[in-house]
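A, B, ... follow the sequence lines: proteins, then strands. Residue 1 opens every chain.
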Amino acid sequence: MREFGELCEAVANTASRTQKVRLVAGYLKSHAPSELAIAATFCSGRPLPVSAGALRIGGSQMLAAAARVVAFDDSDVAKAYDRHGDFGGALADLMEAGPQRSLFHAPLTIAKVASTFAQAARCSGSGATRAREALFAGLLADATPLEAKYLVKLVTGELRMGFKEALVVDALAAAFDRPAKDVRRALMASGDIGEVAELARDDRLPSATIAYGKPVGFMLASPITFGGRYAELEDGEYFVEDKFDGIRAQAQVKDGQPFLFSRRLNDVTISYPEVAAALRGCSTNFIADGELLAWRDGRALPFKSLQTRLSRVAPDAELLASVPLSFMAFDLLAEQDEFLIDHPLAERRRRLERLPAFSDQFVLSPGTWLRVNAPVDDLQRSDLESRFSAARARGNEGLMIKAAASGYLPGRRGRQWFKLKRELATLDCVVVAVEYGHGKRNSVLSDYTFAVRNDDKLLTVGKAYSGLTDVEIAEKTQWFLQHTVSRRGRRLIVEPEIVVEIAFDIVQPSSLHESGFALRFPRIVRLRPDKSPTEASTLDEVRALAQH
DNA sequence: AATTTTTGCCC
DNA sequence: CTTGTGA
DNA sequence: TCACAAGGGGCAAAAATT
C-alpha cells in the first residue's frame with residue numbers, strides 16, 4: 001500500500017496527462033502477478049470491482065473509524081479539514097501529529113486492503129455498520145499517514161489526482177505494449193478494469209467479448225445549445241428522435257431470460273418487473289439500448305413520478321399501477337450471435353425496427369432521418385427547431401441527433417451523438433450564504449445558496465457552484481469575507497447584495513428550501529452586478545415557472 | 001413500531 | 001445531470 | 001478534444017436510534 005500511496009502523490013503532483021500515464025504504467029508493470037488486478041482497480045479510483053457492489057462506507061463511518069485509531073476532538077478535525085478540504089488529507093495530518101505507530105507491524109498490502117474492502121461490502125443485517133467501521137478502523141491502525149490518506153480517498157471513490165479509469169486504459173496499453181484501442185474494447189466487453197489488466201499482461205485482450213448477461217458500456221451524447229449555429233453538425237445523414245426524460249437502461253434477452261442494466265451498469269431487472277415480464281420468453285437473443293419511462297397513453301410522465309420507482313427492490317401492485325413503465329428502445333447492440341457495435345447506426349436502427357420483441361412495455365422510439373448539409377443554413381435550422389418544439393409539445397426534453405454512419409462507442413462523448421436542450425427561463429437570485437468548497441476549492445467560497453424575493457423577505461430556493469470561472473470565484477471570495485454576517489463551520493451567512501442569474505431545468509415543489517421550491521440542475525449563468533437585490537426575481541415568478 | 005441517519009445512485 | 005479547466 | 005474535478009435535487013433501502 002505504501003507504493004500505491006507514493007504513486008498517487010506523484011500522479012497528483014504531475015500536471016501532464018502523458019506523464020501521469022507513464023507513472024501509472026510503471027507501477028502496474030512492476031506489480032506482482034497476483035496483485036495486478038487490484039492495482040488497476042485502485043488506480044481507477046475504485047475500492048472494489050464494479051461487480052462487487054457498493055462498499056457502504058461513507059464519511060460518517062470513516063470518521064468513527066478514524067476516531068478509534070487516532071485521538072482527536074471535533075475542532076482538530078475541523079481545522080485539518082479546513083487545510084485540505086478533503087478528509088483523506090485531514091486524517092493524514094492528524095496521524096502525523098499524533099503518536100507514531102509501532103515500528104513492528106506487518107506492512108499493509110493492497111491485497112489485504114482489497115480483501116478487507118470485499119469483506120466490508122458483504123456485511124449486512126443488524127450490526128453491519130459497526131462491523132464495517134471496525135474493518136476500516138483495522139486498516140487505519142496498520143496504515144502510515146500517507147496510506148491512510150489514500151485509504152480514505154479509495155473508500156470515497158475519489159482519488160482526486162486527475163486520473164481515473166479512462167487513463168488506466170492508456171496506462172495498461174503503455175505498460176504491456178498493447179494498442180490502447182484493444183484495451184478499451186476489452187474493457188467495454190468486460191466492464192472490469194482488473195480483469196482487463198490481466199488480459200493485457202497475458203496478451204489475451206481479444207478473449208474479452210461482449211456476452212449476454214453482462215452490461216455493455218453506454219454511449220453518451222454531447223450537448224448542443226438551442227438557437228446556436230449548430231456548427232457541431234457535419235455533412236451527412238443523422239437520425240433525429242425525441243430526448244426522453246427517463247432512466248437510461250440496457251435491455252437484454254438471453255434464451256428467454258430478461259436483464260435490465262442501469263447507466264452505472266447495475267443489474268436493475270428486479271425493479272422493473274413489468275418490463276422484464278414483457279421480454280421474458282422472447283425467442284430472439286438481443287441487447288438494446290433505451291430509456292425506461294413512466295409511460296401512459298402514449299406519453300412520458302414527468303421524471304418526478306419515475307423517481308419513486310428508482311432502486312425499488314420490490315415495487316408493490318399499487319405502485320406498478322400508478323407508475324407503469326415501458327422501455328423505449330432506440331439502439332440495437334447485439335442480435336443472436338452477432339454483435340453490432342461496429343456497424344453503423346443506420347444498420348443498427350434498421351435491425352432494431354425488425355426485432356420481434358415489441359409490446360406495450362417495449363416500445364420502438366420514433367424518429368426520422370435528416371440529411372445535414374454543413375454548415376447548417378436557415379432552412380435546416382428552422383426545421384430542427386420546429387422538430388424540437390414538437391418534441392417539447394409531446395412532453396419530452398428535446399431532441400437527440402445521431403450520426404447515421406457512427407458505430408456504438410461506449411463511454412465516449414464525441415461528435416456522433418448530440419442532445420439538443422433548452423432552458424425554460426432563468427432567475428435572478430440573491431446570494432444569502434456561501435460555503436467553502438472541497439478538494440482544490442477548499443480555500444475559496446465556491447458554493448452559493450441563493451434566494452428570491454417575497455414581499456420584504458428573501459426565501460432560499462437553491463444552491464449552485466457550477467457556472468462561474470475560477471477567477472470570478474476567487475474575486476467574490478474576497479467580497480464575501482468582507483461582508484460576512486455570521487459563520488457556522490464552513491458556511492457563511494453573507495449580506496444579501498450579490499445578484500446571480502441562475503439557469504435550471506425545471507422548478508419543482510420541495511421542502512428543502514424556504515421558498516417551498518427547488519431547482520433541478522441549477523447553475524450560475526453569470527454575475528449580475530448591474531442588478532440590486534430589490535430587482536431579484538420573486539416567489540410569484542418561481543411559482544409560475546413551477547406550473548410548466 | 002416509528003422515526004432518523006447514512007449511503008448510493010438516478011437525473 | 002451540469003460546468004470550467006488544462007494538456 | 002478529451003478526461004477530469006467539483007457540484008446540485010431527490011428518492012429508496014438499510015441500519016441505527018428513539
Note: contacts of residues 219-226 of chain A with DNA chain D (heavy atom, under 4.0 Å) are none
Check the angle between the aromatic planes of A/Phe117 and A/Phe136 and answer parallel, tilted or perpendicular using the 30° and 60° thresholds.
parallel
Give the intermediate values and the outcome of ring pair (Phe, Tyr, Trp, His ring centres under 6.0 Å) for residues A/Tyr448 and A/Phe480.
CA-CA 11 Å; A/Tyr448 299 176; A/Phe480 287 128; 5.3 Å; yes
Describe the nucleic acid contact of A/Met62 in one word from base, sugar-phosphate, nothing, applying a heavy-atom distance below 4.0 Å.
nothing
Once you apply a heavy-atom cut-off of 4.0 Å, does A/Leu306 come out as touching a base, just sugar-phosphate, or nothing?
nothing
Kindly say if A/Arg520 contacts the phosphate of D/dG10, meaning a side-chain N or O under 4.0 Å from OP1 or OP2.
no
Given D/dG9, C/dT2, B/dG8, the nucleotide with the shortest approach to the side chain of A/Lys463
D/dG9
Looking at A/Arg160, does any N or O in its side chain come under 4.0 Å of the phosphate oxygens OP1/OP2 on D/dA5?
no
Is the closest basic N to carboxylate O distance between A/Arg491 and A/Asp447 below 4.0 Å?
no
Which of B/dC11, D/dG7, B/dC10 is nearest the side chain of A/Asp447? It is D/dG7
Name the nucleic acid region contacted by A/Ser124, choosing base, sugar-phosphate or nothing; use a 4.0 angstrom heavy-atom cut-off, strictly under.
sugar-phosphate
Output the single nucleotide from C/dG4, D/dC2, C/dT2 whose closest atom is nearest the side chain of A/Thr469.
C/dG4
Restricting both atoms to N or O, compile the protein contacts to nucleotides 1-6 of chain B shorter than 3.5 Å, with distance only.
none

Base, sugar-phosphate or nothing for A/Phe303? Non-hydrogen atoms, less than 4.0 Å.
sugar-phosphate
If you look at every strand shown and take non-hydrogen atoms under 4.0 Å, does A/Ile524 touch a base, only sugar-phosphate, or nothing?
nothing
Ion pair present between A/Asp245 and A/Arg520, side-chain N to carboxylate O less than 4.0 angstrom?
yes
Using the closest heavy atom to pick a nucleotide of DNA chain D for each, name whichever of A/Tyr465 or A/Pro509 lands nearer the 5' end.
A/Tyr465
Which part of the nucleic acid, if any, lies within reach of A/Arg264 when heavy atoms closer than 4.0 Å are counted: base, sugar-phosphate only, or nothing?
sugar-phosphate
Could you check whether the rings of A/Phe226 and A/Phe388 sit parallel, tilted or perpendicular, using 30° and 60° as the cut-offs?
tilted
A/Glu501/A/Arg526 salt bridge by N-O under 4.0 Å criterion:
yes
Just checking A/Lys20: base, sugar-phosphate only, or nothing, at a heavy-atom cut-off of under 4.0 Å?
nothing
Under 4.0 angstrom, heavy atoms only, what part of the nucleic acid is A/Arg309 near: base, sugar-phosphate, or nothing?
nothing
Salt bridge present between A/Lys153 and A/Asp86 (N-O < 4.0 angstrom)
yes
Between D/dA5, B/dC11, D/dC11, which one does the side chain of A/Lys304 approach most closely?
D/dC11
Classify the nucleic acid contact of A/Asn266 as base, sugar-phosphate or nothing, counting any heavy atom under 4.0 Å across all strands shown.
sugar-phosphate
Can a salt bridge be assigned to the pair A/Arg68 and A/Glu133 using a cut-off of 4.0 Å between side-chain N and carboxylate O?
yes
For a side chain to side chain donor-acceptor pair (under 3.5 Å) check, start with the C-alpha distance between A/Glu9 and A/Tyr150, then their side-chain angles and the critical distance, and finish with the verdict.
CA-CA 9 Å; A/Glu9 289 286 290; A/Tyr150 285 97; 2.7 Å; yes
Less than 4.5 Å apart, any side-chain heavy atom of A/Asn442 and any of A/His84?
no
Report which part of the nucleic acid A/Ala15 touches: base, sugar-phosphate, or nothing (heavy-atom distance under 4.0 Å, all strands).
sugar-phosphate
Out of D/dA15, C/dT3, B/dC10, minimum distance to the side chain of A/Thr129 belongs to D/dA15
Touch class at under 4.0 angstrom, heavy-atom based, for A/Phe163 against every strand present
sugar-phosphate
